[in-house]
Each structure stands twice: as structure tokens, then as C-alpha cells.
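None of the values given here were measured: they were computed from a predicted structure.
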Amino acid sequence: MEERTEKKCKDSLVFKTARVFPLDTNNHNTLFGGKLMSYIDDVASISAAKHSRGEVVTASIDSVDFLIPIRQSDSVNLSSYVSYVGRSSMEVFVKVIAEDLKTGERKLAATSFLTFVALDDQGKPMLVPKVIPESQEEISLYNTAQQRIIQRKERREHSKSFATVVTL
């Protein structure tokens, strides 16, 4: 039987900061949701790779909750870390902070949960280290992960059922 190592949530912590440029905005002069989603998947995939030290693939993006608009006068600051693991899967939490570059005011702009699967050199799912939460936020996310896992499974079953009626 393979022995599982352990890593702390903070060992997979990743930060990304970007300026919001005119080409990044929509007709409301706020950051395109798709641009932010790309940033989210990017940082989350790095967190998953740091935790597993293997190749990873995005298995699901559970949610991206846009809480406030991110304006052209803001920078966008993302942080991500592995919040829970299964056998080969990893839940990654991403939070997005908008910072007004003139005033320095910072606000939580979005949150997201993604699931990644770690792959070995043959492209097969591989065992990942357990995760150890330490901060209040990490412990809270860890303790509520089972609820999200149930919701993911239900959503996936619904998607499979729905796919049988969707035309090609």
C-alpha cells in the first residue's frame, strides 16, 4: 500500500496580480468575466501542480461568483490554494481582490472553487498528498468540502442526464 504524504494548504499558495487594461473590459468598462475566469483557471492549476508535483487537468469549475465589478481603475489580485483532496483529485479555492489603484481600497470581487485531477507520466490518475488546513479560512473550507463534493456529484449526474437530450 502506498503511503500518503501531507502538505499544508499554504504550500500550494499562488498569487497573481494584473492591471485591468481597456482591452480587458466589456461595454460597462469592467473586466470581462471570461478574462477573469482564465486568470482563475491559471492560478488554480499552478496550485494543484504545486500540491501534487504532477501534471494536472481541470475536472470542473464549480462556481465563479462575481461579487462586485472590477473596474479599469483597479488591479485584480488572485490567490489560490488546495483546500481539500480526495485520492487523485484536489479542490482549489480562488479568491479575487479588486484594488483601486488610486485609493488603495481593496474589496473581495469574486470567489471560485475548481477541481483538478493529478496525472502520472502515463496520464493515469495518481495519488496526491493529504492537505493540512491551518488558518481559520482553510479550516472552514476543509470542513465544508464534503457538502461541495456532494453538490459536484449531483451536478455531474444531472449534466450526464441532460446530455442525453441535447442534440448535436
Side-chain angles (χ1 to χ4, degrees), residues 8-52 56-86 89-118 131 133-163 165-166:
K8 297 175 181 177
C9 292
K10 68 181 176 188
D11 293 336
S12 63
L13 188 59
V14 172
F15 296 101
K16 177 184 185 83
T17 301
R19 184 171 204 127
V20 180
F21 288 108
L23 289 176
D24 299 327
T25 62
N26 58 29
N27 56 316
H28 303 288
N29 290 320
T30 59
L31 184 65
F32 274 118
K35 181 78 170 186
L36 183 59
M37 290 168 65
S38 175
Y39 289 160
I40 288 169
D41 193 36
D42 182 34
V43 297
S45 70
I46 296 169
S47 286
K50 285 178 69 167
H51 184 81
S52 66
V56 298
V57 292
T58 309
S60 73
I61 299 175
D62 294 358
S63 62
V64 178
D65 294 313
F66 300 100
L67 304 173
I68 62 165
I70 301 171
R71 301 163 311 184
Q72 192 176 323
S73 58
D74 295 333
S75 68
V76 59
N77 306 278
L78 297 92
S79 61
S80 64
Y81 58 87
V82 173
S83 53
Y84 193 82
V85 300
S89 65
M90 296 160 282
E91 176 188 81
V92 179
F93 174 65
V94 181
K95 62 182 158 185
V96 179
I97 307 292
E99 180 176 346
D100 185 305
L101 293 172
K102 290 185 179 174
T103 67
E105 183 181 12
R106 294 169 50 91
K107 293 182 180 177
L108 182 63
T111 60
S112 185
F113 287 96
L114 301 87
T115 303
F116 290 82
V117 174
V131 70
E134 295 179 302
S135 72
Q136 184 177 356
E137 177 182 284
E138 293 165 356
I139 291 166
S140 177
L141 292 176
Y142 184 88
N143 289 338
T144 56
Q146 288 302 316
Q147 296 167 255
R148 289 186 298 279
I149 290 168
I150 291 167
Q151 292 169 341
R152 266 182 220 117
K153 288 179 181 177
E154 289 173 352
R155 191 178 63 248
R156 183 151 175 83
E157 287 306 312
H158 174 76
S159 292
K160 284 181 181 178
S161 175
F162 180 65
V165 298
V166 173

R148 NZ/CZ over Y84 ring centroid, <6.0 Å and within 45° of normal: no

Tightest non-hydrogen contact, residues V131 and V85, listed as N-CG2, 3.9 Å

Any side-chain heavy-atom pair from C9 and E134 closer than 4.5 angstrom? no

From M37 CE over to L31 CG, what is the distance, rounded to the nearest 0.5 angstrom? 11.5 Å

Is R19 salt-bridged to D24, cutoff N-O under 4.0 Å? no

Donor-acceptor contact present, side-chain K50 to main-chain L13, <3.5 Å: yes

Does a sphere of radius 6.0 Å around CZ in R156 hold more than 12 heavy atoms from other residues, nucleotides or ligands, not counting ones at 6.0 Å or beyond? no

Check whether any side-chain N or O of S161 sits under 3.5 Å from a backbone N or O of E157 as a donor-acceptor pair, and report yes or no. no

Could you tell me whether a side-chain N or O of S83 sits under 3.5 Å from a main-chain N or O of L141, the two making a donor and an acceptor? no

Examine distances only and state if a side-chain atom of D42 and a backbone atom of S45 form a donor-acceptor pair shorter than 3.5 Å. no

Does the plane of the ring in F93 sit parallel, tilted or perpendicular to the ring in Y81? Use 30° and 60° as the thresholds. perpendicular

Quick check for you: to the nearest 0.5 Å, what is the distance between N77 atom CG and K16 atom NZ? 11.5 Å

Indicate the atoms forming the closest heavy-atom contact of M90 with A48, along with that distance. SD-O, 3.5 Å

Please report the interatomic distance CD1(I40) to CG(L114), rounded to the nearest 0.5 Å. 7.0 Å

Got a list of side-chain donor-acceptor pairs under 3.5 Å for residues 102-111, not counting sequence neighbours?
unit_1 : atom_1 : unit_2 : atom_2 : d
T103   : OG1    : E105   : N      : 3.1
R106   : NH1    : E99    : OE1    : 3.4

Closest approach of L36 and F66, non-hydrogen atoms and distance? CD2-CE2, 3.7 Å

Is the backbone of K8 close enough, under 3.5 Å, to the side chain of D11 for a donor and an acceptor to pair up by distance? yes

Is it the case that the side chain of S80 and the backbone of S47 share a donor-acceptor pair, with hydrogens and angles ignored and the cut-off at 3.5 Å? no

Examine distances only and state if a side-chain atom of T30 and a backbone atom of P69 form a donor-acceptor pair shorter than 3.5 Å. no

How many angstroms lie between NZ in K35 and CG in L23, if you round to the nearest 0.5 Å? 8.5 Å

Heavy-atom closest contact (D100 atom, D74 atom, distance): CA-OD1, 3.4 Å

Can you tell me if S89 uses its side chain to pair, donor with acceptor, with the backbone of F116 under 3.5 Å? no

Does any donor atom in the side chain of T115 or R152 lie under 3.5 Å from an acceptor atom in the other side chain? yes

